[in-house]
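Presented below is the structure to which this report refers.
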Amino acid sequence: MTSFDDLDREMERLKAMSGGGSSLEPVLRGFHDANFQACVQQFAAERASAFQATCPDGSQPLIWTEYHKEYREMFESHLQTILHALDMTEDSFHELCGYIQEIEENLGDDSENLYGYIKAITSSEEYDSFLQLMFGEACMEGQTQEIQVLVPEGMGPGQLLAVDYLGQRYELYIPEGYGAGMTFCASIAIHS
């Protein structure tokens with residue numbers, strides 16, 4: 001375990017790198033790096049079409065969770081790159097965060113804004129945030145979209161069917177002449 005003096009020195013070293021700001025600022029700045037942001041944009045663009053699936057029963061395609069896993073791994077790998085550039089190991093980073101947490105809890109000193117930084121750094125872990133990124137990439141607000149909707153078992157013409165598309169719920173009436181197992185086309189206006 002690292003001594004408190006060593007952790008204090010590490011905090012000061014990182015603060016100096018951030019121009020006197022938080023000792024966690026250099027880590028967060030690494031995630032805002034233009035090259036990394038371009039990688040995130042490319043990742044989303046390459047997979048966006050998979051997020052245009054119609055989900056009539058509220059479930060989601062399994063590929064979405066696979067893509068989220070890849071997304072999290074991309075962020076984890078980049079964190080390792082950032083820490084390496086800062087001459088830190090993952091263990092020393094965790095130890096530093098624990099030390100900052102202790103300072104906040106025991107001294108009431110929130111000057112490092114630990115929880116704000118941790119939330120920003122770990123946002124890739126949140127599935128709903130990931131979905132919003134992907135849905136945003138897959139559509140444009142106010143756009144009209146034609147979707148194909150499969151009529152589920154037990155439903156038929158004139159019934160109201162709830163359909164999830166791009167993270168939004170739409171209620172559509174099943175047209176005359178369409179029964180279970182058949183697919184109809186519906187126009188929907190994309191909204192946020």
Notebook entry, point to check: How long is the span from the CD atom in Glu95 to the CD1 atom in Ile100, to the nearest 0.5 Å?
Noted result: 11.5 Å
Check: Hey, what do you get for CD (Glu66) to CD (Glu70), rounding to the nearest 0.5 Å?
Finding: 7.0 Å
Notebook entry, point to check: What are the two closest non-hydrogen atoms of Pro61 and Ala53, and how far apart are they?
Noted result: CG-CB, 3.9 Å
Notebook entry, point to check: Do Tyr67 and Tyr71 have their ring centres less than 6.0 Å from each other?
Noted result: no
Next item on the list: Give a yes-or-no answer on whether the side chains of Gln52 and Gln145 include a donor-acceptor pair shorter than 3.5 Å.
Entry: no
Notebook entry, point to check: Gly181 and Leu150: which non-hydrogen atoms are nearest, and at how many Å?
Noted result: O-CD1, 3.4 Å
Margin query: Check this for me: does any side-chain nitrogen of one of Arg47 and Glu137 sit under 4.0 Å from a carboxylate oxygen of the other?
Written below: no
Check: What is the distance from atom OG of Ser123 to atom CD1 of Ile118, rounded to the nearest 0.5 Å?
Finding: 11.5 Å
Next item on the list: Give, for atom OG of Ser124 and atom NE2 of His78, the distance between the pair rounded to the nearest 0.5 Å.
Entry: 11.0 Å
Checklist line | Between Gln41 and Gln37: side-chain donor-acceptor atoms closer than 3.5 Å | finding: no
Next item on the list: Evaluate whether atom CG of Leu160 has more than 12 neighbouring non-hydrogen atoms of other residues, nucleotides or ligands under 6.0 angstrom away.
Entry: yes
Notebook entry, point to check: Quick check, are the ring centers of Phe51 and Phe130 under 6.0 angstrom apart?
Noted result: yes
Check: Rounded to the nearest 0.5 Å, how far apart are CG of Leu131 and CD of Glu126?
Finding: 11.5 Å
Next item on the list: Please round to the nearest 0.5 Å and tell me the distance separating atom CD of Gln168 and atom CD1 of Ile188.
Entry: 9.5 Å
